[in-house]
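Below you'll find the structure, written out as structure tokens, and then a few comments.
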Amino acid sequence: MMPTITVVGAGFSGLATAYFLTKHGFKVRIIEKTDRAGGLIRTLRTEHGLVETAANGLLSSARLEAMCADIAVPLIATRREAHKRFIYRGKPKQLPLRAGDLIGLSRRFAVNAVKLRPRPFETISAWGMRVLGRGATDYLLIPALGGIYAGDPDRLSASLIFGKANVPDYLHTNRPAKGKLRGTVSPPNGMQQLIDGLRDYLKTAGAEFMFSHDEKASTRQPMVVCLSASAAAKHLGEIGPEISNALRQIEMLSLATVTCFYGPDAAKLNGFGCLFPRNQGFRSRGVLFNTSIFEGRGPAHAETWIFGGALDAEVVNLSDEAFAEIIVAERQRFYGRHDEVLDVRITRWPNALPHYTVELENILTTLPPPPENIALVGNYLGRIGLAKILERAAVVADQVRTACGPGSPSGQPAWGGGCGRASQ
Ligand SMILES: Cc1cc2nc3c(=O)[nH]c(=O)nc-3n(C[C@H](O)[C@H](O)[C@H](O)COP(=O)(O)OP(=O)(O)OC[C@H]3O[C@@H](n4cnc5c(N)ncnc54)[C@H](O)[C@@H]3O)c2cc1C
């Protein structure tokens, strides 16, 4: 008989893992500490339009499109105007490099053609200066990665970010295959629609959800741990002290998102958003032009300002009034005028994301295997975005099937470090 698999955590990682396990014919039990599915992902519907509290979309892939077709969740691509992305250098620019930067960049590429691969434990700043030169590092690479990883460029690991770190096979993730849609996608009603679609599909397929439930890990249960690094460290404390200690060392970053709605005559720039290099004097890391990104995000004009990360950890302690004041000042600088705000929604995420540092590279490349019958899925395993988490969930579900699905050697569950290695 197929064993029941416990999935711990009902964020995107847990729901995606439960989906693939269900597809392989396993009975799945999903344990979630809070009273809702989604974890960091949540969409609020207000009279002025949608608010995404964290992810506003995910990169399209063949696997995502197949899953969404199966669970009857439609996906939309970004609007045409969202193909424009800006970086601030005195003003918002699509190409923030000067002629000298471009000439230097092309010379360096010619010289460095065979040395692009990051060295082990090389930081993003060091890699950028070695390969791209100062202009492209300061005004392209660091702001672009800051928008995704929110990290300290002098500590971010180039190998982890470019997927070249020497992580053990049991942390393996496939590279997503391209889908029909290109770039960032989202369900029309926001990311919560994807979460709700997965949850409803799983319930109909017989998965058991246990909300408001916090259970200690036990060695007897075949289990996939789909938590943040810090929560996984805590959860595995008793049965896997070695891996738990390693995961406990992973530094977590705090972020805040502030979505502001404005009337139809407010200043706006059409595009995906604008990133702010550190030396341009903005406290925000960047702003997303929500109503320009996807259809149907209004009726009002909406922008999401993003704060925090490694170089501004204290920002999550700011009051609502302080955030409002900062946005008024930064918007005045950005657009050169002031607009009356209709509504503001602030979300503070203390310890939300893993810091992709060279220390994390060291932790992952030396991570002890998880205890037998336990596998890990999460955004700290070398891939931070949702499209890559989906790939990892599929790999782990395949490992579980190989170990204890029909035709497995003993019919008994046995995976984790050893099994993962064997199944690659
Ligand atoms: C501001 C922000 C913007 C982002 N934007 C994007 C984006 O545009 N695109 C993109 O691809 N990614 C984006 N991300 C990253 C992405 O949202 C996350 O990596 C992803 O949602 C993490 O999902 P998860 O399921 O691994 O973790 P989580 O969402 O943290 O879910 C973990 C779940 O486990 C539960 N839990 C914790 N402890 C226990 C326990 N002991 N027992 C049971 N349950 C437990 C939690 O309550 C939670 O529901 C963004 C993140 C942030 C913070």
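Each ligand, and each atom within it, is numbered from 1 in the order the structure gives. Both backbone and side-chain heavy atoms feed into the values below; hydrogens, waters and symmetry mates do not.
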[X] N/O to ligand 1 N/O under 3.5 Å:
X: Ile384; value: yes
X: Ser13; value: yes
X: Asp214; value: yes
X: Arg36; value: no

(message) So for atom NZ, which belongs to Lys178, do other residues, nucleotides or ligands contribute more than 12 heavy atoms lying within a distance under 6.0 Å?
(response)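 At most 12 heavy atoms, drawn from other residues, nucleotides or ligands, come within 6.0 Å of this atom.
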
(request) Can you spot which of Arg79, His301, Arg297, Glu303 makes a side-chain hydrogen bond (donor to acceptor under 3.5 Å, both in side chains) with Thr291? (result)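 Looking at Arg79, His301, Arg297, Glu303, the match for Thr291 under the side-chain hydrogen bond (donor to acceptor under 3.5 Å, both in side chains) is His301.
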
(message) Less than 4.0 Å is my threshold; does some heavy atom of Gly57 fall inside it relative to ligand 1?
(response)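 Contact present.
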
Atoms of ligand 1 less than 4.0 Å from [X] heavy atoms?
X: Asn56; answer: 8 (O)
X: Thr257; answer: 1 (C)
X: Phe12; answer: 25 (O)

(request) With atom 21 (O) of ligand 1 as the reference point, say which of Leu390, Leu255, Leu386 has the nearest heavy atom. (result)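 When every heavy atom of Leu390, Leu255, Leu386 is considered, Leu386 comes closest to atom 21 (O) of ligand 1.
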
(request) Closest by any non-hydrogen atom to atom 2 (C) of ligand 1: pick that one out of Ala387, Ala54, Ala352, Ala231. (result)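 Minimum heavy-atom distance to atom 2 (C) of ligand 1 goes to Ala54.
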
(request) Determine whether Thr365 and Phe121 make a side-chain contact, defined as any pair of heavy atoms from C-beta on separated by less than 4.5 Å. (result)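 Contact flag for Thr365/Phe121 side chains = yes.
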
(request) If the plane angle is over 60° it's perpendicular, under 30° parallel, otherwise tilted; pick one for Phe282 and Phe334. (result)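 Phe282 and Phe334: perpendicular rings.
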
Starting from [atom], locate the nearest protein heavy atom and write down its residue, its atom name and how far away it is, to 0.1 Å.
atom: atom 19 (O) of ligand 1; result: Asn379 ND2, 3.0 Å
atom: atom 48 (C) of ligand 1; result: Glu32 OE1, 3.5 Å
atom: atom 31 (O) of ligand 1; result: Gly11 CA, 3.5 Å
atom: atom 17 (O) of ligand 1; result: Ala55 CB, 3.8 Å
atom: atom 32 (C) of ligand 1; result: Cys226 O, 4.0 Å
atom: atom 28 (P) of ligand 1; result: Leu40 N, 4.0 Å
atom: atom 44 (N) of ligand 1; result: Lys33 N, 3.1 Å
atom: atom 39 (C) of ligand 1; result: Leu227 CD2, 3.5 Å

(request) For the pair Arg29 and Thr6, evaluate side-chain hydrogen bond (donor to acceptor under 3.5 Å, both in side chains) and give the outcome as yes or no after the intermediate values. (result) CA-CA 5 Å; Arg29 189 172 74 115; Thr6 299; 3.3 Å; yes

(request) Walk me through it: do Arg175 and Glu391 pass the test salt bridge (Lys or Arg N to Asp or Glu O under 4.0 Å)? (result) CA-CA 7 Å; Arg175 188 180 285 274; Glu391 295 300 321; over 6 Å; no

(message) My understanding is that only one of Phe12, Tyr201, Phe26 makes a ring-ring contact (aromatic ring centres under 6.0 Å, His included) with Tyr19; could you say which?
(response)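 In the set Phe12, Tyr201, Phe26, the residue that makes a ring-ring contact (aromatic ring centres under 6.0 Å, His included) with Tyr19 is Tyr201.
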
(message) Tell me whether Arg331 forms a cation-pi arrangement with Tyr262, defined as NZ or CZ under 6.0 Å from the six-membered ring centre and within 45 degrees of its axis.
(response)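 Because its charged atom sits under 6.0 Å from the ring centre and within 45° of the axis, Arg331 does stack over Tyr262.
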
(message) Within this structure, what is the CZ-CG distance for the pair Arg36 and Asp196, rounded to the nearest 0.5 Å?
(response)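 So the CZ of Arg36 and the CG of Asp196 are separated by 8.5 Å.
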
(message) How close do Ile87 and Pro96 get, counting heavy atoms only, and between which atoms?
(response)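 Nearest heavy atoms, Ile87 then Pro96: CB-CG, 3.7 Å.
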
(request) Considering non-hydrogen atoms only, spot the tightest contact between Ile363 and Ala246 and give its length. (result)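 What the structure gives for the nearest pair is CG2-O, 3.7 Å.
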
